[in-house]
Asks: 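Mind looking over this structure? Questions follow.
Since we're looking at a predicted model, the values are computed, not measured. Numbered from 1 within each chain, the chains take letters A, B, ... in sequence-line order.
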Amino acid sequence: MNITHRHDWHISPTQAVALQREMAAEVVYNRPIDLSAVRLVAGVDVSVKPDAAGVAMSQAAVVVLSFPDLTVVETALAAMPTPFPYIPGLLSFREGPVLETAFSRLKSEPDVFIFDGMGRAHPRRIGIATHMGLWLQKPTIGCGKTLLTGRFEPPPDERGGYSELVDKGEVIGVVLRTRAGVKPVFISVGHLADLTTSVDLVMRCTSKYRLPDPIRAAHNAAGQFET
DNA sequence: GCGACAG
DNA sequence: ATCTTGTCGC
């Protein structure tokens, strides 16, 4: 599918933070996702593994599933030497480059993308789901496994139980229990989405495990191919 | 200065 | 993210 190249990835951490502050102003929040019109949902993930020469390689996978039946219809892969260190708050500058390549290899055009990481639930309100949403110009959702920023009360221990994730007096996401008896996941809007429909979509994409099927499929695909 | 810190 | 088997509990 087409993806807009918004800026150079090879910049310093300081420049990256400045860029995030500029881009955060362009994000569109509070836009409901029309679930009745969703046909394809993509899961996005990146794994890092040393190659034969010992170089840290970033391996990206975008797996597209049909909705609401959740059957895999396409997988796009990409790999390259990991270009940026892991710095909390700047994850998109580490995983964005490989993802751009993987997205460009997509034949289908997903209606919504779910990322392994945050969207608005970020210190500057521009986690990887939000950032890449600006490149994709499609609805995106962040689904993280652990907290980055914000405070919350433990959600009810039942499937669908949730509580608000609040930071500086602002609701930046939802702490969602996708299954009873498991740790909750952190859902936040990326770009062109709203929190209510994002949580609804994530629940409808979660069939049997803690994480939504698209994310699990992407995680498996990203971590199991060789370069 | 101290603690927190997606993947 | 990644290193890794068995094991506790529903």
Asks: What does A/L90 touch in the nucleic acid at a heavy-atom separation under 4.0 angstrom: a base, only the sugar-phosphate, or nothing?
Replies: base
Asks: How many whole angstroms separate atom CD1 of A/I187 from atom C1' of B/dA6?
Replies: 13 Å
Asks: Locate the shortest heavy-atom distance separating A/V185 from A/L211; write the atom from each residue and the value.
Replies: CG1-CD2, 3.8 Å
Asks: What is the distance, to the nearest angstrom, from the CD1 atom on A/I114 to the C1' atom on B/dA6?
Replies: 16 Å
Asks: Rounding to an integer number of Å, can you tell me how far A/L147 CG sits from B/dG3 P?
Replies: 18 Å
Asks: Grab the two heavy atoms, one from A/V55 and one from A/P81, that are nearest each other, plus how far apart they are.
Replies: CG1-CB, 4.2 Å
Asks: Using a 4.0 Å cut-off to any heavy atom of chain A, which nucleotides of DNA chain C are the first and last in contact, reading 5' to 3'?
Replies: C/dA1 to C/dT2
Asks: Rounded to the nearest Å, what distance is computed from the CG atom of residue A/L148 to the P atom of nucleotide B/dG3?
Replies: 19 Å
Asks: Considering every strand and a 4.0 Å limit on heavy-atom distances, what is the contact class for A/G181: base, sugar-phosphate, or nothing?
Replies: nothing
Asks: Measure the CE-CD1 distance between A/M118 and A/I128 for me, rounded to the nearest 0.5 Å.
Replies: 12.0 Å
Asks: Round to a whole Å and report the spacing from NE2 of A/H219 to C1' of B/dA6.
Replies: 13 Å
Asks: Using 0.5 Å steps for rounding, measure from the NE2 atom of A/H7 to the CZ atom of A/F93.
Replies: 5.0 Å
Asks: Which part of the nucleic acid, if any, lies within contact of A/I128, taking any heavy atom under 4.0 Å across all strands shown: a base, the sugar-phosphate backbone alone, or nothing?
Replies: base
Asks: Report yes if at least one side-chain N or O of A/T149 is closer than 4.0 Å to OP1 or OP2 of B/dC5; otherwise report no.
Replies: no
Asks: Name the nucleic acid region contacted by A/H131, choosing base, sugar-phosphate or nothing; use a 4.0 angstrom heavy-atom cut-off, strictly under.
Replies: nothing
Asks: Pick base, sugar-phosphate or nothing for A/G144, based on heavy-atom distances below 4.0 Å to the nucleic acid.
Replies: sugar-phosphate
Asks: Should A/F186 be counted as stacked on B/dA6, where stacking needs a ring-centre gap under 5.5 Å and an angle between planes under 30 degrees?
Replies: no
Asks: Given side chains that start at C-beta, do those of A/L147 and A/L165 come closer than 4.5 Å, heavy atoms only?
Replies: yes
Asks: Closer than 4.0 Å, any side-chain N/O of A/K145 to the OP1 or OP2 of B/dA6?
Replies: no
Asks: Do A/L134 and A/R6 have side chains that get closer than 4.5 Å, going by heavy atoms?
Replies: yes
Asks: Separation of A/R94 atom CZ from B/dA6 atom P, in whole Å?
Replies: 12 Å
Asks: Separation of A/H122 atom NE2 from B/dG7 atom P, in whole Å?
Replies: 13 Å
Asks: Check the distance between B/dA6's P and A/D45's CG and give it to me in whole angstrom.
Replies: 15 Å
Asks: Only one of A/R21, A/R120, A/H131, A/E26 forms a side-chain contact (heavy atoms from CB on, under 4.5 Å) with A/I126, so which one is it?
Replies: A/H131
